[in-house]
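Shown next, in structure tokens, is the structure this report addresses.
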There are 2 protein chains.
Amino acid sequence: MGRWEPGARGRLAQVALELYAERGYEQTTVGDIAERAGVTERTFFRHFPDKREVLFDGSGTLQSMLVAAIAQAPADRAPLEVVGEAFAPIGRLLGETRDHAVRRAAVVAANPSLMERELLKMATLATAAATALRERGTPAVTATVAAEAGVTAFRIGFEAWIAGPEEGDLAADIAAALDELRALASGT
Amino acid sequence: MGRWEPGARGRLAQVALELYAERGYEQTTVGDIAERAGVTERTFFRHFPDKREVLFDGSGTLQSMLVAAIAQAPADRAPLEVVGEAFAPIGRLLGETRDHAVRRAAVVAANPSLMERELLKMATLATAAATALRERGTPAVTATVAAEAGVTAFRIGFEAWIAGPEEGDLAADIAAALDELRALASGT
DNA sequence: CTTGGTGATGTCAGTTGCTGTCATCACTCA
DNA sequence: TGAGTGATGACAGCAACTGACATCACCAAG
């Protein structure tokens, strides 16, 4: 490759998570991250638009998987069911690296600024899911509500999975949240 | 009062909304806001923790109203119903100043950075609602899901109200979103 | 009437996130 | 062998925010 160690991007992401966990997000300077990664501060900003985004590198992949799963779902499935099942592949992917997910979640939860970014990602996910639902014939309003409900179930399920035992099943936790929602809605 | 014009805080909030609408959020400097409001940049940061928060001054009141409404709801109401109805007073309050709400919503929607903050406020609202539900006896998981569902319905209903005609009814739009959710959940 | 306290503001210096611009250099390919 | 190319370094600069200290109208106790 070049005259520098390759993989600067990955190193930056890993180092950032380490430092955010060690000293806290606000106590960590972009210069600190760059230094430990062996690059310049300027290089950090060439790979990531800001200091937060370095923790959200996988969100694009997540969204692609969700949209693809919704698009490929059988045509006779109800919207809420489609969205719920669309999180299954994501659950499998995240399940493979639970350690990392737990550490990352702790860092994010510890800082409002990072929470904001995470919420924005979730909202973007919901919008994408709604679009995917509409493209398979779901009416606009129904698609929006179903997508929001699905993403909310994902969030709640994810939190439970992170807080639970190591052998926990993310997909099951998401399904449980959705079931709770169904019970709630019919119980009114 | 003092040797300065009183009401600096209110002036700053008003001027900020004006400037964000005129030039856009990023094109507006805190110095610009302070100058037009007749104070110093430092004074801005004495009243608001950051450049975004100046648009969210009422969120505390909103949360108090929501929590109070949930606490005062009849004991025999189902959780989802309680949350849904708890938004009624908020709907009336916002309904009185629809113009302001529309302008503000346009500014927020135009900038991801402001969207993030808005989403954080909504999440905080949901957490508060869940706590209020728990304090009236709703089981923890049910409270969380009901609160999230209610806030989501508020968000979707609010968007519809903003996008709709001037005579629109916010409370009705929120109720419609909740109904859609109920239909969705039972239809699966 | 004076004196001391208080609260809101001004002033100023400094850190940090982030951007634009240009130079550098290993690698590639014609 | 020489002209790109892509990733990086170096540097200057703006704007968001913070801490420390000074100022001054007002108020209350003496």
Side-chain angles (χ1 to χ4, degrees), chain A residues 1-57 107-108 110-118 120-121, chain B residues 1-57 107-108 110-118 120-121:
Chain A
M1 290 296 160
R3 80 195 119 151
W4 310 273
E5 285 302 310
R9 184 189 183 85
R11 251 156 42 225
L12 284 167
Q14 182 185 340
V15 165
L17 179 58
E18 287 173 15
L19 288 179
Y20 291 171
E22 286 175 18
R23 323 178 181 170
Y25 170 77
E26 302 201 334
Q27 283 64 47
T28 304
T29 279
V30 174
D32 296 338
I33 303 173
E35 188 182 6
R36 190 183 284 195
V39 295
T40 305
E41 186 181 321
R42 192 66 183 87
T43 292
F44 177 96
F45 287 109
R46 285 206 179 88
H47 286 283
F48 305 98
D50 63 53
K51 194 186 166 188
R52 302 173 204 170
E53 199 66 18
V54 67
L55 288 185
F56 299 85
D57 212 19
V107 169
V108 171
N111 193 283
S113 180
L114 293 172
M115 278 293 310
E116 284 188 347
R117 182 57 53 84
E118 178 124 303
L120 184 63
K121 295 294 182 186
Chain B
M1 291 292 158
R3 82 197 116 149
W4 311 272
E5 285 301 310
R9 184 187 185 85
R11 250 155 43 225
L12 283 167
Q14 183 185 341
V15 165
L17 180 58
E18 287 173 14
L19 289 178
Y20 291 171
E22 287 175 17
R23 324 177 181 170
Y25 170 78
E26 303 201 334
Q27 283 65 47
T28 303
T29 279
V30 173
D32 296 338
I33 303 172
E35 189 182 6
R36 192 183 284 195
V39 295
T40 305
E41 186 181 322
R42 192 68 182 83
T43 292
F44 177 96
F45 288 109
R46 285 210 179 86
H47 286 283
F48 305 99
D50 62 53
K51 194 185 165 188
R52 304 174 202 169
E53 198 66 18
V54 67
L55 288 184
F56 298 85
D57 213 19
V107 169
V108 171
N111 193 283
S113 180
L114 294 172
M115 277 295 307
E116 285 188 346
R117 182 58 52 86
E118 178 122 305
L120 184 64
K121 296 295 183 187

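In what follows, chains are A, B, ... by sequence order, proteins preceding strands, each numbered from 1.
Proximity note for Arg46(B) (side chain, C-beta onward) versus dT21(C), dC18(C), dG10(C): the nearest is dG10(C). In this structure, the nucleotide among dG20(C), dG19(D), dA16(D) sitting nearest to the side chain of Arg42(B) is dG19(D). In this structure, of dT8(D), dA16(D), dT19(C), it is dA16(D) that holds the atom nearest to the side chain of Phe45(B).
Regarding Glu35(B), its CD atom lies at a distance of 17 Å from the C1' atom of dA16(D), rounded to whole Å. If you take CD of Glu26(A) and P of dG17(C), they are 10 Å apart, rounded to a whole angstrom. Rounding to whole angstrom units, NE2 of residue His47(A) and C1' of dG6(D) are separated by 11 Å. Following rounding to the nearest Å, Phe48(A) (CZ) and dT19(C) (P) show an atom-to-atom distance of 14 Å. Taking atom CD of Glu41(B) as the reference point, atom P of dT15(C) lies 17 Å away to the nearest angstrom. We find that CD of Glu53(A) is positioned 12 Å from P of dT19(C), with the value rounded to whole Å. Look at CD on Gln27(A): it is 15 Å from C1' on dG17(C), rounded to the nearest Å. Between the CG atom of Leu19(B) and the C1' atom of dA16(D) there is a distance of 16 Å, given to the nearest Å.
Arg52(A) contributes no side-chain N or O that forms a donor-acceptor pair with the base of dG17(C) under 3.5 Å.
Listed for the Arg11(B) side chain is a donor-acceptor partner under 3.5 Å among the backbone atoms of Pro6(B).
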For this session: Show your working on side chain to side chain contact (heavy atoms under 4.5 Å, CB included) between Arg23(B) and Asp32(B) and close with a plain yes or no.
Result: CA-CA 11 Å; Arg23(B) 324 177 181 170; Asp32(B) 296 338; 2.9 Å; yes
For this session: Report the C-alpha distance between Val54(A) and Tyr20(A) in whole Å, list the side-chain angles of each, state the deciding distance to 0.1 Å, and finish with yes or no for side chain to side chain contact (heavy atoms under 4.5 Å, CB included).
Result: CA-CA 11 Å; Val54(A) 67; Tyr20(A) 291 171; 3.9 Å; yes
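Among the atoms of the strands shown, none is found under 4.0 Å from any heavy atom of Ser113(A). Among the atoms of the strands shown, only primed sugar atoms or phosphate atoms (P, OP1, OP2) are found under 4.0 Å from some heavy atom of Thr29(B).
The phosphate of dA7(D) (OP1 or OP2) has no side-chain N or O of Thr43(A) nearer than 4.0 angstrom.
Counting heavy-atom neighbours within 6.0 Å of Glu22(B) CD, excluding the residue itself, gives a total above 12.
To the nearest 0.5 Å, the span separating CG on Asp57(B) from CD on Gln14(B) amounts to 13.0 Å.
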